[in-house]
Amino acid sequence: MSFENIILQVDAPVATILFNRPKALNALNNALFDELDQALDQVCEMEEVKVLILTGSGEKSFVAGADISELAEMNPLEGKFFSRRGQLVFSKIEALPIPAIAAVNGFALGGGLEAAMGCDFIYASTKALFGLPEINLGLIPGFGGTQRLARLIGPNKAKELVFTGKNISAQEAFELGIVNKLCEPEALMGEVMKTAGLIAAKGKVALRSGKEVIQNGMKTDLETGCRIENDVFGLTMASPDAKEGTRAFLEKRKPDFKGGLF
Ligand code: CO8
């Protein structure tokens, strides 16, 4: 299916979704959320896809936030629904059974930073700009940003960004731990692809298990998290990939992970 506000490219084992409203710096509107939601469902069903990349089309922007022209026309109830819509779509990225990498190629402001934080980690161009500027519009972040940023960098640093609405450079975002790796703009996609390739060579069941355990464990205390890890470890051991991985090590060869369930 083709979309108007995003582009879905599949080159298995990697799928890439580009936010594609370059004239509005890829701002997020309702139509884009509908398409993103559908594209995520499609990616989920592609057995051969093992990594998802999210990036922005055009040179300038990953996503410059929610579409302010649409936002300005909403009544409070519509705003509440829109906020929840965005939260659910970004939570869907977080809950994908495959790793998702944000390749932040430019502005990642408001909903843009929130989209990137829904991914498992962020690589960014040295030219990228990050921030939660909603306070400048008399608002607060509404697509999960207050919660994800506070968990990512701690509540005090998150509050400073939310209260001041100031934009920070890619270097500052890297130092705060928002960004895993900084790349020269022309090298960004290559670096992201390199890491995606490393990930895609692993077993799909183990990737899914590792993601699930970290995410569910982070919502709880250490002991409960270890119990979750323990249960999922046992299940993962039952997968054909686990048998292949351990056998390949003993036979001194590269594993050939085929995915597949138990
Ligand atoms: N929404 C709609 N249009 C936008 C947006 C946006 N967020 N950002 C940029 N645009 C449009 C501009 O209006 C402009 O359109 P036109 O050419 O028709 O005038 C075009 O994109 C290019 O933008 P600029 O000319 O402003 O480009 P600059 O390079 O000069 O500036 C900036 C780039 C700094 C990114 C600037 O555009 C800007 O500050 N944009 C807004 C950033 C922002 O405030 N983002 C947060 C939005 S609010 C949000 O994300 C809330 C999420 C939770 C919502 C909860 C639901 C209710």
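When a residue number appears, it is its place in the shown sequence, counting from 1. Ligands are counted one by one from 1 in listed order, and the atoms in each one are counted from 1 as well. Here the structure is a predicted model, which means the values were calculated and not measured.
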Review point. Considering only the protein, which heavy-atom contact is closest to atom 44 (O) of ligand 1, and what is its distance?
Key: P133 CG, 3.6 Å

Check your understanding: Which is it for L28 and ligand 1 at heavy atoms under 4.0 Å: side chain, backbone, both or neither?
Key -> neither

Check your understanding: Any N/O of G79 closer than 3.5 Å to an N/O of ligand 1?
Key -> no

Point to revise | G111, any N or O under 3.5 Å of ligand 1 N or O | key: yes

Review point. K60 to ligand 1: N or O pair under 3.5 Å?
Key: yes

Point to revise | Best match, G110, A72, A24: closest heavy atom to atom 4 (C) of ligand 1 | key: A24

Practice item. Would you indicate which of I140, L25, L109, V63 comes nearest to atom 9 (C) of ligand 1 when only heavy atoms are counted? Key: L25

**Study point:** S69 and D67: side chain donor to acceptor below 3.5 Å
**Key:** yes

Check your understanding: Counting heavy atoms only, which of K23, R21, E70 comes nearest to atom 20 (C) of ligand 1?
Key -> K23

Review point. Hey, is L129 touching ligand 1 through its side chain, its backbone, both or neither, going by heavy atoms under 4.0 Å?
Key: neither

Practice item. Using a strict 4.0 Å cut-off to heavy atoms of E114, name the atoms of ligand 1 that fall inside it. Key: 52 (C)

Revision key, fill the gap. The protein heavy atom nearest to atom 41 (C) of ligand 1 is I68 CD1, 3.8 Å

